[in-house]
Amino acid sequence: MSITFIEDLDELDFYRVCEIYDNCGWGKKTIDDARIIRTETVFKQSFYFSVACDVGGNYLGFVRALSDNIATSWIAELVVIESAQRTGVGSQIFAKAKENLGHTDIYLETFSGKEKFFELQGLKSRPKMVVCSRGKSSSRSPA
């Protein structure tokens, strides 16, 4: 699938970014001004992001990362809409991220069962690593 990338905040439609979250079950299904502002703020405070679009300009997915730009980068999210999953879009999004972050070690956490995708992208699962987290509340959902 032929895709293009948006990497400029001024070109992003954050309503459409929220729709990506919703499509994957990561959203509230209600897109209001507060949610759009929150999503925009999250992207602004990220070190790197890239949104993939098809030839018609439809948003297919995105990657968002935090980094010190020297030693370590952390993929905060890599999200692809359901209809574009297993079409190579996720691999293209990750390849774009590696172009920009490949000079650092790249870490991420993923849902159980999704490790194979990232192993195919050149990352290694680390069985002795444990993810520890603390959300501000148990009812919190992304964007």
Side-chain angles (χ1 to χ4, degrees), residues 1-127 129 131-137 139-143:
M1 177 179 287
S2 178
I3 62 175
T4 59
F5 293 96
I6 300 172
E7 295 180 317
D8 182 342
L9 281 168
D10 294 332
E11 295 179 22
L12 280 182
D13 178 340
F14 286 99
Y15 183 92
R16 293 169 68 191
V17 173
C18 290
E19 288 181 324
I20 295 172
Y21 283 119
D22 289 352
N23 179 274
C24 297
W26 288 21
K28 300 176 187 176
K29 305 290 185 207
T30 302
I31 303 174
D32 56 17
D33 289 343
R35 183 167 173 216
I36 291 169
I37 290 167
R38 178 178 164 202
T39 301
E40 183 176 359
T41 301
V42 166
F43 272 69
K44 283 181 179 177
Q45 293 181 2
S46 299
F47 176 79
Y48 172 78
F49 73 86
S50 187
V51 176
C53 303
D54 66 14
V55 292
N58 300 305
Y59 285 22
L60 302 174
F62 64 85
V63 63
R64 190 175 66 78
L66 309 173
S67 181
D68 59 22
N69 199 27
I70 297 169
T72 305
S73 297
W74 176 62
I75 303 292
E77 300 170 315
L78 192 154
V79 185
V80 177
I81 62 170
E82 281 189 76
S83 63
Q85 292 176 7
R86 294 178 180 78
T87 66
V89 169
S91 295
Q92 289 181 65
I93 292 171
F94 194 80
K96 190 71 167 168
K98 283 195 307 188
E99 282 178 30
N100 289 276
L101 305 170
H103 62 285
T104 69
D105 291 337
I106 299 174
Y107 295 89
L108 59 85
E109 57 192 64
T110 189
F111 293 108
S112 182
K114 301 291 184 181
E115 304 90 346
K116 185 74 172 167
F117 170 79
F118 292 104
E119 289 170 355
L120 291 171
Q121 308 313 310
L123 278 68
K124 293 182 181 178
S125 180
R126 304 289 185 199
M129 291 186 82
V131 174
C132 300
S133 69
R134 181 204 159 279
K136 68 179 181 180
S137 75
S139 63
R140 183 176 154 219
S141 65

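- In this structure, the side-chain contact (heavy atoms from CB on, under 4.5 Å) partners of L66, at least two apart in sequence or on a different chain, are S46, R64, W74.
- Within the 4.5 Å cutoff, side-chain heavy atoms of F118 are placed close to those of L78.
- Take D54 and apply the side-chain hydrogen bond (donor to acceptor under 3.5 Å, both in side chains) test, not counting sequence neighbours, and it matches N58.
- In this structure the side chain of Y59 reaches within 4.5 angstrom of the side chain of V17, judged on heavy atoms.
- Under the salt bridge (Lys or Arg N to Asp or Glu O under 4.0 Å) criterion, E99 pairs with K96, sequence neighbours left out.
- Applying the side-chain contact (heavy atoms from CB on, under 4.5 Å) test to A84 and every residue at least two apart in sequence or in another chain returns L60, V80, I81, T87, V89.
- Between H103 and N69, the closest side-chain pair of non-hydrogen atoms falls below 4.5 Å.
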Could you walk me through whether L123 and F94 pass the side chain to side chain contact (heavy atoms under 4.5 Å, CB included) check? CA-CA 11 Å; L123 278 68; F94 194 80; 3.2 Å; yes
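- Legend: residues meeting ring-ring contact (aromatic ring centres under 6.0 Å, His included) with F62, ordered by chain and number and at least two apart, are Y21, F43.
- The two residues R35 and D32 come nearest to each other via the heavy atoms N-OD1, 2.9 Å.
- Note that NZ of K98 is 7.5 Å distant from CD1 of I106, once rounded to the nearest 0.5 Å.
- Considering only residues two or more places apart in sequence or on other chains, T4 meets the side-chain contact (heavy atoms from CB on, under 4.5 Å) condition with C53.
- Taking CD1 of I93 as the start and CZ of F49 as the end, the distance is 13.0 Å to the nearest 0.5 Å.
- For N23, there are no side-chain hydrogen bond (donor to acceptor under 3.5 Å, both in side chains) partners at least two apart in sequence or on another chain.
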Listing, residues 9-16 side-chain donor-acceptor contacts under 3.5 Å, not counting sequence neighbours, or none:
from, atom 1, to, atom 2, distance (Å)
D13, OD1, Y15, N, 3.0
D13, OD1, R16, N, 3.3
R16, NH2, G57, O, 2.2

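- In this structure, the salt bridge (Lys or Arg N to Asp or Glu O under 4.0 Å) partners of K44, at least two apart in sequence or on a different chain, are E40.
- In this structure, Q92 has no side-chain hydrogen bond (donor to acceptor under 3.5 Å, both in side chains) partners at least two apart in sequence or on a different chain.
- With sequence neighbours left out, the side-chain hydrogen bond (donor to acceptor under 3.5 Å, both in side chains) criterion links D105 to no other residue.
- The salt bridge (Lys or Arg N to Asp or Glu O under 4.0 Å) contacts involving residues 108-122 comprise nothing, where partners must be two or more places apart or lie in separate chains.
- With a 6.0 Å radius and a threshold of 12 heavy atoms from other residues, nucleotides or ligands, D33 has its CG atom at or below the threshold.
- To the nearest 0.5 Å, atom OH of residue Y48 and atom OG of residue S67 are 11.5 Å apart.
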